[in-house]
Amino acid sequence: MTTKRDVMAMLSELITLTALDEGSPQSFKVRAYEKASLGLESDGRDITTLKLSELTGISGVGKATASKVRELVESGTVEKLEKLRAKYPPEFVELSRIPGLGPKTLKLVRSELGIENVEQLTEAIAAEKLRTLPGLGATSEAKIAKAVQRLGLTGKDRRTPIADALPLAERLVADLEALPETVEVQFCGSLRRMSETIGDIDITVSSLEPSVVMDFVVQHSEVADLVVNGETKTSFLTRAGLQVDVRVVSPDQFGAAILYFTGSKVHNIALRQRAIDRKMLLNEYGLMDASNEDLEASERPVIASKTEAEIYAALELEFIPAPLREATGEVEAAGGDGLGELIQRSHIRGDLHYHTDQSGDGRSTVAEMIAEAAALGYEYLAITDHGVDLAINGSTAEEMLEHRDRIAEIAVDYPDMTVLWGCELNIGPDGGLDYDDEFRALFDYTVASVHSHFDQSIPKQTDRLIAAIADPTVNSIGHLTGRYIGRRPGIEIDYDAVLEALAHYDVALEVNGALQRLDAASDVVRKAVERQVKLVINTDSHHTSELGRMEYGVLTAQRGWAPKDLVVNTRDRASFMEWANHRKSRLS
DNA sequence: GCCGTTTTCGGCCCGACTGTTTTCAGTCG
């Protein structure tokens with residue numbers, strides 16, 4: 001059976017192979033496929049069941065692409081793709097993953113030197129044959145040789161988990177901020193959009209002295225290898241092979257620059273198109289008046305460039321937060337009905353997944369953890385140490401009762417914050433939970449999560465979660481899939497069924513702010529929002545240093561278009577407690 | 001390949017850096 005994923009994979013391959021065939025990634029045909037692919041991806045329906053006329057109704061999808069989708073669904077193959085596959089076998093396509101080797105050069109080395117794979121390319125480089133080709137010289141040959149060596153380490157497809165990239169980016173930003181010549185700094189790209197994995201780190205600096213900034217970057221201790229070093233742009237590789245691009249712009253163009261470098265590419269294209277429609281020109285330096293066609297590009301009057309907000313406003317758009325900039329309807333919404341009141345960090349009034357050293361993996365005391373939460377001004381806090389089923393980390397019923405007393409003793413010193421005695425329940429392989437029903441009902445608040453048995457079938461995992469959701473002692477589901485981004489996939493579930501259950505039992509779906517998790521993922525959050533499933537954004541802190549994760553959880557929720565009013569920990573204390581307690585009324 | 005009250009052909013987002021040129025092509029984001 002053909003799935004949506006199969007359709008997307010078919011188009012992705014078609015894009016790669018057509019770029020090779022056309023000899024340009026900018027080919028209009030390639031861009032048309034890309035646009036169609038985006039349209040299909042963001043369509044909420046099951047695209048494999050759509051008729052031809054329904055498919056062509058999707059933005060960017062024309063007759064040709066629609067026919068290919070139908071062809072794949074009906075026959076399992078696409079003739080056009082098969083022909084391209086025959087022309088460009090996988091080992092040749094692999095060459096296109098080498099940075100610096102574009103379609104034009106590939107075509108050249110294939111036709112002139114008969115190179116079909118990485119091995120033959122390596123031989124040709126060793127024999128100094130590449131430098132004999134028109135447009136290539138010894139320098140290009142050496143550059144490609146180096147890129148071949150790094151293949152697999154820094155290939156175009158390499159992605160780094162956000163948990164590895166964000167701390168490095170924050171460190172680099174702090175170092176650049178400390179430079180006296182720096183006015184402003186912002187990391188951009190997929191990192192700012194809170195993608196789960198990122199290709200490289202983009203940093204934009206505003207300064208009146210770009211050469212000082214560039215020199216500083218070149219000298220930085222993180223630089224293992226320089227890739228590009230110009231007057232306003234320097235790219236380098238870290239020892240871990242992660243590429244960092246640093247650009248310098250003048251302070252009055254900072255907004256336009258970070259808008260541009262944050263992307264996404266398709267979001268930028270949508271903004272540019274909107275600019276053109278209004279007789280304006282948008283580039284990385286600003287939004288310009290293009291109504292007078294006699295003026296040189298540099299003479300066009302600047303309409304907005306200092307801040308992103310001014311540019312969005314001049315384009316008659318509500319400000320679009322970076323995590324939403326994926327061209328999945330945000331430009332249309334911002335220019336029409338609006339984005340609604342999206343969740344912000346400042347809305348959060350409490351953390352509801354929070355460990356102390358009562359958990360085997362907790363590292364700060366109850367007093368320390370409560371003090372940190374109070375310092376953030378939280379109105380309520382749920383201390384949710386592990387239940388007994390998580391053998392090494394959990395506590396017995398007796399230990400939990402002693403823990404309750406200890407929490408209560410310390411909480412009296414914080415009259416402005418309600419400290420709840422909670423528990424992170426473990427969802428067993430069949431959906432069973434810790435302790436007995438009566439004991440679980442004693443907790444003020446619970447979060448139930450999966451910590452093991454990751455490889456059961458989809459129906460089994462789905463039933464497992466729904467059993468936990470249906471339990472009246474459960475307030476929320478923690479880190480939905482249990483994934484560690486880039487390291488371990490989470491459990492596979494039927495999202496529709498699970499979200500349906502969450503909505504039905506009024507159980508909140510957690511957005512876990514730990515960078516390794518960011519679970520539920522933003523696309524799942526968006527589905528949850530469509531179904532009006534309640535959300536809760538938590539840090540899952542195990543140490544006093546981890547409370548800052550709330551920001552990442554909020555950004556992930558934003559990326560899923562979460563409105564403030566669906567997030568239960570934005571409620572005032574009374575309203576939150578009313579919601580938290582109402583499930584237990586089913587028990588009596 | 002897609003699209004359209006300046007429609008059915010002729011457009012399609014824009015610029016930096018590099019290496020190879022001696023005014024530009026290729027690649028990348």
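First the proteins, then the strands, lettered A, B, ... as listed; each starts at 1. Every heavy atom of this structure was used, including side-chain atoms; hydrogens, water molecules and symmetry mates were not.
For the pair A/G62 and A/G23, nearest-nucleotide mapping onto DNA chain B gives the more 5' position to A/G62. The residue among A/L106 and A/N268 whose nearest nucleotide of DNA chain B lies closer to the 5′ end is A/N268.
Nucleic acid contact for A/Y33: sugar-phosphate only, since backbone atoms but no base atoms lie under 4.0 Å from a heavy atom of the residue. As judged by a 4.0 angstrom heavy-atom cut-off over every strand, A/F261 is placed among residues making no nucleic acid contact. Among the heavy atoms of the strands, none lies under 4.0 Å from A/T18. Here A/V30 lies out of heavy-atom contact (under 4.0 Å) with every strand. Using a 4.0 Å heavy-atom criterion, one finds that A/S27 contacts no nucleic acid atom at all. Backbone-only engagement by A/K63 is indicated by non-hydrogen atom pairs under 4.0 Å involving sugar-phosphate atoms exclusively.
Distance check on atom P: B/dT23 versus B/dC28 gives 25 Å, rounded to whole Å. The gap from the C1' atom of B/dC17 to that of B/dG10 amounts to 32 Å, rounded to the nearest Å. To the nearest whole angstrom, the two C1' atoms, one in B/dA25 and one in B/dT20, are 9 Å apart. As rounded to the nearest Å, B/dG1 and B/dT5 have P atoms that lie 23 Å from one another. If you take atom C1' in B/dC2 and the same atom in B/dT8, they sit 12 Å apart, rounded to whole Å.
Among residues at least two apart or in separate chains, salt bridge (charged side-chain N to carboxylate O under 4.0 Å, His left out) pairs with a member in residues 83-92 of chain A are A/E13-A/R85, A/D21-A/K87, A/E79-A/K83, A/E82-A/R85. Within the structure, salt bridge (charged side-chain N to carboxylate O under 4.0 Å, His left out) contacts touching residues 240-261 of chain A (residues at least two apart or in different chains) do not occur.
For A/R70, the salt bridge (charged side-chain N to carboxylate O under 4.0 Å, His left out) partners two or more places apart in sequence, or in a different chain, are A/E74. Remark: A/R193 engages A/E326 in a salt bridge (charged side-chain N to carboxylate O under 4.0 Å, His left out) (not counting sequence neighbours). For A/Y285, the ring pair (Phe, Tyr, Trp, His ring centres under 6.0 Å) criterion is met by no residue, not counting sequence neighbours.
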Quick test: give all pairs of protein nitrogen or oxygen and nucleotides 18-25 of chain B nitrogen or oxygen below 3.5 Å, distance rounded to 0.1 Å.
{"from": "B/dT18", "atom 1": "OP1", "to": "A/N229", "atom 2": "N", "distance (Å)": "2.9"}
{"from": "B/dT18", "atom 1": "OP1", "to": "A/N229", "atom 2": "O", "distance (Å)": "3.4"}
{"from": "B/dT18", "atom 1": "O3'", "to": "A/K143", "atom 2": "NZ", "distance (Å)": "3.3"}
{"from": "B/dG19", "atom 1": "O3'", "to": "A/S140", "atom 2": "OG", "distance (Å)": "3.1"}
{"from": "B/dT20", "atom 1": "OP1", "to": "A/G137", "atom 2": "N", "distance (Å)": "2.5"}
{"from": "B/dT20", "atom 1": "OP1", "to": "A/G137", "atom 2": "O", "distance (Å)": "3.4"}
{"from": "B/dT20", "atom 1": "OP1", "to": "A/S140", "atom 2": "OG", "distance (Å)": "3.3"}
{"from": "B/dT20", "atom 1": "OP2", "to": "A/T139", "atom 2": "OG1", "distance (Å)": "3.4"}

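The aromatic ring of A/F28 is not stacked on the base of B/dC2, since the criterion of ring centres less than 5.5 Å apart with planes inclined by under 30° is not met.
Phosphate contact (OP1/OP2 of B/dA16, side-chain N/O of A/Y285, threshold under 4.0 Å): present.
Partner assigned to B/dT8 is none, using Watson-Crick or G-U wobble distances below 3.5 angstrom.
Taking the side chain as every heavy atom from C-beta outward, A/L95 and A/I115 approach each other to under 4.5 Å.
Ion pair A/R483/A/E492 not flagged as a salt bridge, since none of the NZ, NE, NH1 or NH2 atoms sits closer than 4.0 Å to an Asp/Glu carboxylate oxygen.
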